[in-house]
2 protein chains.
Amino acid sequence: MTYSKAFDPVFSALADPTRRAVFERLALAPTSVGALAETLPVSRPAVSQHLKVLSDAGLVSVRQDGTRRIYAIEAERLHDLRTWLDRMWGDALTAFSEAAEKDQAK
Amino acid sequence: MTYSKAFDPVFSALADPTRRAVFERLALAPTSVGALAETLPVSRPAVSQHLKVLSDAGLVSVRQDGTRRIYAIEAERLHDLRTWLDRMWGDALTAFSEAAEKDQAK
DNA sequence: CTTTTGAGTAAGTCATGACTTACCGTAAGC
DNA sequence: GCTTACGGTAAGTCATGACTTACTCAAAAG
């Protein structure tokens, strides 16, 4: 029923504007923590914390490269999100057409 | 550039589990405030407040019906969300294929 | 016109979470 | 072996926001 509970970390991760900026930046190219922090109005530790949240939500993955850690988008979660959206869309359309039928029946 | 700023109210609205439950319920059928509150573990005023957030985000609309107010999903915002998702998806794919090309070049 | 039903608003509480600075660990470079 | 670069972690602050109860308002019913 409410199997959207699994999406909880995903939605709450994407809710924060800074975090969504990080995510959108990673969609363009895998990037190191320091490089991300340079272009954002927050400190490097803040970026680290955001990346942890995104990582826990399964939205990004890490790869070690020397002393750097390169973060990248995890496409699978994006796909999950689209599935949820499609379900909402389908449900809404069904509800609309059922309402239309009732109107017809009058 | 960071035109995702417009999505801020949408994502933060969907971040709350209770609010997402309300939204998913509305996707199945337009519903009154009281009917929503009955099936949720929170008070009716809480539902009212959630509906205000969803409404401000453009995710739902209201229709008056006697003393009741019937809330329904606003499909347009759903479509906007999908557009954002598709862009993320496209960006990520491009980034991946570019990375692959660089690997080839080695 | 009063009563009842349905719902938004006010005000206050309490938890969460987005930051900061300070510190600690680890991999490369000399 | 030190030192430097890069990042994660700890601890504390401050704002936001998800609730609650109490109230106010509006529409229909009697």
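Below, chain A is the first sequence line, B the second, and so on; all start at residue 1.
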Quick one: list whatever passes side chain to side chain donor-acceptor pair (under 3.5 Å) with [X], sequence neighbours left out.
X       : value
A:Arg77 : A:Asp80
B:Gln49 : none
B:Thr39 : B:Arg25
B:Arg82 : A:Asp86

Rounded to the nearest angstrom, tell me the gap between atom [atom1] in [X] and atom [atom2] in [N].
X       : N      : atom1 : atom2 : value
B:Leu51 : C:dG6  : CG    : C1'   : 13 Å
B:His50 : D:dC19 : NE2   : P     : 4 Å
B:Gln64 : D:dA26 : CD    : P     : 11 Å
A:Asp8  : C:dT16 : CG    : P     : 13 Å
A:Leu54 : C:dA18 : CG    : C1'   : 13 Å
A:Ile70 : D:dG8  : CD1   : C1'   : 15 Å
B:Asp56 : C:dT9  : CG    : P     : 10 Å
B:Tyr71 : C:dG6  : OH    : P     : 15 Å

Protein-nucleotides 20-23 of chain C N/O pairs closer than 3.5 Å?
| from | atom 1 | to | atom 2 | distance (Å) |
| --- | --- | --- | --- | --- |
| C:dT20 | OP2 | A:Ser43 | N | 2.9 |
| C:dT20 | OP2 | A:Ser43 | OG | 2.5 |
| C:dT20 | O4 | A:Gln49 | NE2 | 3.1 |

Looking at residues at least two apart in the chain, or sitting in another chain, which of them share a side chain to side chain contact (heavy atoms under 4.5 Å, CB included) with [X]?
X       : value
A:Thr67 : none
A:Asp56 : A:Lys52
A:Val33 : A:Arg44, A:Val47, A:Ser48, A:Leu51, A:Tyr71

Task: Any A:Ser32 side-chain nitrogen or oxygen under 4.0 Å from OP1 or OP2 of D:dG7 - done: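 So the side chain of A:Ser32 is within the cut-off, an N or O lying under 4.0 Å from OP1 or OP2 of D:dG7.
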
Task: Hydrophobic cluster identity match, B:Leu26 and B:Val53, side-chain contacts under 4.5 Å - done: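 No, because B:Leu26 and B:Val53 fall into different hydrophobic clusters, even though each may have its own neighbours under 4.5 Å.
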
For nucleotides 28-30 of chain D, give me every protein contact, N/O to N/O, under 3.5 Å, one pair per line with atom names.
none

